[in-house]
There are 2 protein chains.
Amino acid sequence: MSKCEQCIVREFSSLKALTKDELLKISDCKTTHVIKKGDVIFEEGENVNGIYCIKDGICKLTKLSANGKDHIVKLVSKGELLGQRSMISEEPVNLSAVALEDMHVCFIPKTEVMGFFDKNNQFSMNVMKSICGDLKDADDHMVNIAQKTVKERLAEVLLYLHDTFGKNEDNSLKVQLSRDELASMIGTATESCIRLLSDFNKLELIELTGKKIVLKDINKLKKISRTV
Amino acid sequence: MSKCEQCIVREFSSLKALTKDELLKISDCKTTHVIKKGDVIFEEGENVNGIYCIKDGICKLTKLSANGKDHIVKLVSKGELLGQRSMISEEPVNLSAVALEDMHVCFIPKTEVMGFFDKNNQFSMNVMKSICGDLKDADDHMVNIAQKTVKERLAEVLLYLHDTFGKNEDNSLKVQLSRDELASMIGTATESCIRLLSDFNKLELIELTGKKIVLKDINKLKKISRTV
DNA sequence: GTTAAAAAATGATATTTGTCATATAAATGT
DNA sequence: ACATTTATATGACAAATATCATTTTTTAAC
């Protein structure tokens with residue numbers, strides 16, 4: 001069993017506040033999981049009795065909407081924790097988590113984590129800050145969807161993917177989403193998303209090669225997205 | 001100076017976890033404010049060095065979007081706290097707060113509140129839970145805006161206002177928003193909002209008398225909103 | 001490798017929503 | 001009480017976006 005104490009990923013999450021002793025306790029009770037691309041980590045409505053720490057890979061958090069379509073609320077990657085909100089609220093998870101690539105995750109049972117809240121104030125503060133960050137992002141996101149056009153949102157999402165997850169050697173975006181997934185991040189119909197990508201391609205703002213997307217004119221994309 | 005210990009409103013917020021001693025400390029350092037309808041409590045980007053406890057009245061939390069329009073993110077009323085996220089994140093507030101009616105609020109300085117996080121775990125948990133609730137609401141809201149039509153969203157907001165803030169003796173919604181504000185809750189143009197209200201009126205789902213709105217057919221509104 | 005299935009792309013069209021112009025009504029200040 | 005501003009309402013039209021149909025391309029299965 002791998003030791004949490006030696007896990008670098010921990011440094012990026014709220015867990016960085018834990019002491020050596022606390023980490024040893026986690027090492028003992030955590031379970032490690034290999035998750036294949038497309039696999040479901042948990043599903044909306046489930047009781048997830050603990051949190052997942054992402055060691056490697058990226059997943060999407062989705063929510064089923066009234067019309068039966070999934071909406072991607074957030075992408076989560078290495079170093080981040082899943083299931084914090086649900087654990088604190090003592091409610092089922094409100095989002096589903098699905099792997100976008102092969103992942104390594106560790107599961108830490110609720111009982112263990114809740115103990116840290118009492119004893120380790122820095123840990124509590126870290127968790128609070130991370131949830132506060134999510135809340136701020138959600139507010140921003142909400143206003144974007146409400147007030148920006150689909151084109152603006154597409155440009156913004158492309159820039160977000162670029163800035164957050166980086167690019168491969170061939171300059172293409174590291175996170176490869178299907179058109180359908182891209183559409184469900186933006187909140188639009190798949191066809192509309194495809195059409196706009198084609199437009200961006202023709203305008204030489206991006207370059208499409210199969211599923212690969214290369215951002216060719218970041219400044220113009222920024223202008224379109226009105227991020228600047 | 002009014003005493004926090006005797007304030008009923010406290011029972012509805014995270015502050016209910018505070019001890020008598022802690023409440024006495026707050027009573028000493030808090031400031032009370034009367035806020036007129038339309039007054040700004042704080043503005044996006046400001047440093048609010050503490051939290052506001054709403055004793056009476058309702059306010060809107062808005063965020064300026066890229067196109068210069070305000071979007072109403074949330075309505076907040078009696079018993080709720082303002083400025084928690086900002087305080088915990090140690091960042092300026094990301095939303096503006098504007099009174100929708102005359103309000104009474106108390107301001108508790110950050111220095112005081114932060115002390116409670118260390119010493120009173122129940123208080124910390126309450127704050128966390130309340131922020132987690134906000135996050136869940138924000139996710140729901142986001143997906144609604146992304147996937148529902150304006151008509152569905154209008155029906156939903158009307159029902160929300162009805163269920164959350166109740167009605168007057170004449171059955172009209174207690175919270176009176178302008179068409180403009182209603183539109184900015186829904187994320188649509190004012191004219192579109194007005195038009196749909198007229199439609200609902202003609203279909204006898206609601207009754208419009210000046211600014212007053214009476215919900216006449218809640219079941220049909222629920223069907224339209226796809227809340228059921 | 002061939003076939004079946006899924007994803008992406010595109011056209012045609014319908015629907016929704018926004019914008020601009022203008023009219024009417026209500027609120028406000030003097 | 002009047003004028004002035006502001007909010008509400010409505011029509012006409014334009015733009016954005018969704019939907020449906022169809023084709024092409026890619027991926028996966030055998």
Side-chain angles (χ1 to χ4, degrees), chain A residues 36-38 65-72 100-101 144-158 172-173 176-203 206-214 224-226, chain B residues 36-38 65-72 100-101 144-158 172-173 176-203 206-214 224-226:
Chain A
K36 290 255 159 229
K37 178 176 174 172
S65 70
N67 58 20
K69 275 196 214 167
D70 270 330
H71 183 85
I72 297 183
L100 291 176
E101 2 174 293
N144 270 338
I145 296 181
Q147 308 279 0
K148 287 188 178 177
T149 65
V150 174
K151 190 195 283 185
E152 290 164 353
R153 270 139 58 199
L154 174 59
E156 188 168 18
V157 164
L158 291 174
S172 65
L173 295 179
Q176 279 196 19
L177 298 172
S178 67
R179 301 293 190 260
D180 196 54
E181 285 170 328
L182 211 44
S184 89
M185 277 199 79
I186 295 164
T188 190
T190 310
E191 295 94 325
S192 300
C193 176
I194 290 174
R195 246 179 268 274
L196 286 170
L197 281 174
S198 296
D199 291 350
F200 283 3
N201 191 20
K202 276 168 201 153
L203 293 168
I206 62 174
E207 192 176 297
L208 298 173
T209 321
K211 222 167 213 147
K212 287 184 183 300
I213 301 176
V214 177
I224 289 176
S225 78
R226 295 193 295 177
Chain B
K36 288 255 159 229
K37 179 177 174 172
S65 70
N67 58 20
K69 276 196 214 164
D70 268 331
H71 183 85
I72 297 183
L100 290 177
E101 1 173 295
N144 270 339
I145 296 180
Q147 307 278 1
K148 286 188 180 177
T149 65
V150 175
K151 189 194 285 184
E152 290 165 354
R153 271 140 55 200
L154 174 59
E156 188 168 17
V157 164
L158 292 175
S172 65
L173 295 179
Q176 278 196 19
L177 299 172
S178 67
R179 303 293 190 256
D180 197 51
E181 286 169 329
L182 211 43
S184 89
M185 278 199 79
I186 295 164
T188 190
T190 310
E191 295 95 325
S192 300
C193 176
I194 290 174
R195 242 179 272 274
L196 285 170
L197 281 175
S198 296
D199 291 351
F200 283 3
N201 191 19
K202 277 168 202 154
L203 293 169
I206 62 175
E207 192 176 296
L208 298 174
T209 320
K211 222 167 213 150
K212 289 187 183 297
I213 301 176
V214 177
I224 290 176
S225 76
R226 294 193 298 178

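In what follows, chains are A, B, ... by sequence order, proteins preceding strands, each numbered from 1.
Contact of the A:Glu191 side chain with the A:Arg195 side chain is registered, since non-hydrogen atoms from C-beta on lie closer than 4.5 Å. Annotation: side chain of A:Val214 is not in contact with side chain of A:Thr209 (no heavy-atom distance under 4.5 Å). Looking at B:Ile186 and B:Leu196, their side chains never come closer than 4.5 Å, going by heavy atoms from C-beta outward.
Between the CG atom of A:Asp180 and the P atom of D:dT27 there is a distance of 16 Å, rounded to whole Å. If you measure from atom NZ of B:Lys211 to atom C1' of C:dA26, you get 9 Å, rounded to the nearest angstrom. With rounding to whole Å, A:Arg179 atom CZ is found 14 Å from D:dT27 atom C1'. Across the protein-nucleic acid pair, B:Leu182 atom CG and D:dA9 atom C1' stand 15 Å apart, rounded to whole Å. Distance CD (B:Glu181) to P (D:dT6): 16 Å, rounded to an integer number of Å. B:Ile194 has its CD1 atom 14 Å from the C1' atom of C:dC20, to the nearest Å. Taking atom NZ of A:Lys212 as the reference point, atom C1' of C:dA8 lies 17 Å away to the nearest angstrom. At whole-Å resolution of the value, CD in B:Glu152 and P in C:dT15 are 16 Å apart.
In terms of phosphate contacts, A:Ser198 brings a side-chain nitrogen or oxygen within less than 4.0 Å of OP1 or OP2 of C:dT10.
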Give me the distances for all protein-to-nucleotides 14-19 of chain D N/O pairs that come in under 3.5 Å?
from	atom 1	to	atom 2	distance (Å)
D:dT17	OP1	A:Val150	N	2.9
D:dA18	OP2	A:Thr188	OG1	2.4
D:dA18	OP2	A:Ala189	N	3.2
D:dA18	OP2	A:Ser192	OG	2.8
D:dT19	O4	A:Arg195	NH2	2.9

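Checking A:Ser178 against A:Asp180 by side-chain atom types alone, no donor-acceptor pair falls below 3.5 Å.
A distance of 6.5 Å separates CE in B:Met185 from CG in B:Leu177, rounded to the nearest 0.5 Å.
A side chain to side chain donor-acceptor pair (under 3.5 Å) with B:Glu156 holds for exactly one of B:Lys151, B:Arg226, B:Lys148; it is B:Lys148.
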